[in-house]
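See structure below.
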Amino acid sequence: MKSNIAYQTDQLARYFKSHRIAWEQFYDSERAIIGQLAPGRHHRILDIGCGCGGLGLALRDRFGVERYTGVEINALAVEAGRMMNPAAEIYCGDILELSRGVLRDTSYDVVFSLSCVDWNVQFSDMLATAWSHVAEGGSLVATFRLTIGEGCGDMERSYQYINCDGSLEGERAAYVVLNAGELIHILRSFNPTSIHAVGYWGSPSATAVTPFQKLCFAAFSIRKRADGNAAASALVLDLPAEIVDSIGAGPAA
């Protein structure tokens with residue numbers, strides 16, 4: 001089994017020092033999902049794949065969030081993030097290893113994975129680990145690339161150059177694409193209270209090498225059951241009709 005890639009490039013710190021550090025810089029789908037959760041001052045936040053911790057700054061300024069913990073595998077991004085947000089707790093390392101160490105037995109009101117679990121090679125393990133850190137009644141907020149056909153988790157066939165100048169050179173990251181129905185099946189296996197998604201069709205990144213010409217970029221919120229809650233899971237999909245039809249969930253919300 002391959003280990004997650006500990007990206008060494010300076011491109012991540014270079015990019016995230018000035019991007020995705022303010023609320024307006026996040027995608028519409030992300031803002032819609034996060035806005036519905038409206039995390040507050042006392043909510044505990046875990047941001048997996050935090051880059052320079054820009055989400056923590058955005059949540060602080062927008063919602064007053066103070067309890068922000070970030071995890072980032074790229075050491076240069078962590079160094080920059082600790083300087084940008086000294087109040088944040090930012091750990092350097094692979095979430096799979098940190099979850100067995102310093103983050104063992106920790107839980108959070110909202111766990112984020114924005115372009116993280118599908119940007120490395122241990123997708124399934126990272127998704128399950130992210131879910132394990134969600135407190136009862138809390139939520140996992142994650143973004144995914146979806147297709148109605150067969151997905152691709154093979155990094156030899158689908159990958160992205162980490163290059164903020166837009167060049168097809170430099171270190172490569174996994175560019176995981178998921179079949180929409182298969183993803184919903186995985187998320188339902190967590191037995192959540194609800195699954196809510198917002199997304200839209202778009203083209204792959206200019207720095208991605210992938211067999212797909214069109215992808216659905218979607219942000220999800222998956223709520224964990226509180227103790228004693230036996231209600232049926234709610235599925236609310238504000239996604240393109242083709243994606244919803246492929247899942248067999250009926251009309252989009």
Side-chain angles (χ1 to χ4, degrees), residues 23 26-49 55 58-59 62-63 65 67 95 106-118 123-149 151 176-202 215-253:
W23 178 249
F26 287 80
Y27 295 119
D28 290 346
S29 55
E30 295 169 332
R31 295 201 306 267
I33 288 292
I34 298 170
Q36 290 177 352
L37 294 179
R41 176 182 176 187
H42 298 295
H43 283 91
R44 298 160 298 170
I45 305 297
L46 176 63
D47 184 10
I48 301 172
L55 177 63
L59 295 178
R62 181 75 175 185
F63 300 103
V65 167
R67 303 174 69 182
I95 182 59
T106 61
S107 61
Y108 299 83
D109 300 298
V110 186
V111 175
F112 286 91
S113 166
L114 303 182
S115 301
C116 177
V117 299
D118 60 352
F123 168 79
S124 296
D125 289 343
M126 284 194 291
L127 181 59
T129 297
W131 181 249
S132 75
H133 285 288
V134 179
E136 289 187 355
S139 295
L140 170 64
V141 174
T143 56
F144 304 100
R145 307 176 200 92
L146 306 179
T147 182
I148 60 176
V176 177
V177 176
L178 301 159
N179 172 270
E182 291 178 359
L183 174 63
I184 293 297
H185 178 75
I186 293 170
L187 298 181
R188 279 176 164 159
S189 74
F190 294 156
N191 190 29
T193 300
S194 63
I195 300 171
H196 183 202
V198 177
Y200 47 84
W201 288 117
L215 296 171
C216 175
F217 297 92
F220 279 73
S221 173
I222 307 102
R223 185 174 294 276
K224 183 171 281 190
R225 291 183 184 278
D227 187 39
N229 184 343
S233 296
L235 183 62
V236 181
L237 303 178
D238 185 5
L239 298 172
E242 301 97 315
I243 292 288
V244 176
D245 290 344
S246 75
I247 295 168

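Reckoned from all heavy atoms, side chains included, excluding hydrogens, waters and symmetry mates. No experiment lies behind these values; they were computed from the predicted model shown.
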Which value, rounded to the nearest 0.5 Å, describes the distance between Arg225 atom CZ and Phe190 atom CZ?
14.0 Å

To the nearest 0.5 Å, atom CD1 of Ile243 lies from atom CG of Leu146 at 5.5 Å

Check the angle between the aromatic planes of Phe123 and Phe144 and answer parallel, tilted or perpendicular using the 30° and 60° thresholds.
perpendicular

Looking at residues at least two apart in the chain, or sitting in another chain, which of them share a side chain to side chain donor-acceptor pair (under 3.5 Å) with Asp109?
Arg44

For residues Leu140 and Ala130, report the shortest heavy-atom separation together with the two atoms involved.
CD1-CB, 4.0 Å

Between Leu114 and Tyr27, is any pair of side-chain heavy atoms under 4.5 Å apart?
no

Between Ser29 and Ala219, the two heavy atoms sitting closest are O-CB, 3.7 Å

If you round to the nearest 0.5 Å, how far is CG of Leu187 from OG of Ser221?
10.5 Å

Please identify which of these residues, Val110, Ile45, Leu55, meets the side chain to side chain contact (heavy atoms under 4.5 Å, CB included) condition with Val65.
Ile45

Please report the C-alpha distance between Phe63 and Leu37 in whole Å, then the side-chain angles of each, then the deciding distance to 0.1 Å, and finally whether the side chain to side chain contact (heavy atoms under 4.5 Å, CB included) criterion is met.
CA-CA 10 Å; Phe63 300 103; Leu37 294 179; over 6 Å; no

Examine distances only and state if a side-chain atom of His133 and a backbone atom of Tyr108 form a donor-acceptor pair shorter than 3.5 Å.
no

Please give me the minimum heavy-atom distance between Thr129 and Ser132, naming the atom from each residue.
O-OG, 2.6 Å

Report yes if some heavy atom in the side chain of Leu59 is under 4.5 Å from a heavy atom in the side chain of Ile34; otherwise report no.
yes

Can you tell me how far apart CG (Asp47) and SG (Cys116) are? Round to the nearest 0.5 Å.
8.5 Å

I need the minimum non-hydrogen distance between Pro240 and Gly199, along with the two atoms involved.
CD-O, 3.7 Å

Is the backbone N or O of Leu215 less than 3.5 Å from a side-chain atom of Arg145, with the two atoms forming a donor-acceptor pair by type?
no

Taking the side chain as every heavy atom from C-beta outward, state whether Ile33 and Phe26 have any atom pair closer than 4.5 Å.
no

Scanning both residues in full, the closest heavy-atom pair of Thr143 with Ser115 reads OG1-N, 2.8 Å

Taking Val134 as the fixed residue, which of Val111, Ile222, Val141 is the one that meets the side chain to side chain contact (heavy atoms under 4.5 Å, CB included) rule?
Val111

How far apart are the closest heavy atoms of Ile148 and Trp201, and which atoms are they?
CG2-CH2, 4.4 Å

Say you draw a straight line from CG of Leu183 to CZ of Arg188; how long is it, rounded to the nearest 0.5 Å?
11.0 Å

If you round to the nearest 0.5 Å, how far is OG1 of Thr147 from CD of Glu182?
10.5 Å

Tell me, do His196 and Phe220 make a side-chain contact under 4.5 Å, heavy atoms counted?
no

4.5 Å side-chain heavy-atom contact, Ile186 and Trp131
no

Is the backbone N or O of Ala197 less than 3.5 Å from a side-chain atom of Asp238, with the two atoms forming a donor-acceptor pair by type?
no

Any donor and acceptor pair, going by atom type alone, linking the side chain of Ser233 with main-chain N or O of Pro192 inside 3.5 Å?
yes

Quick one, Arg223 and Ser139 - any side-chain contact, counting heavy atoms below 4.5 Å?
yes

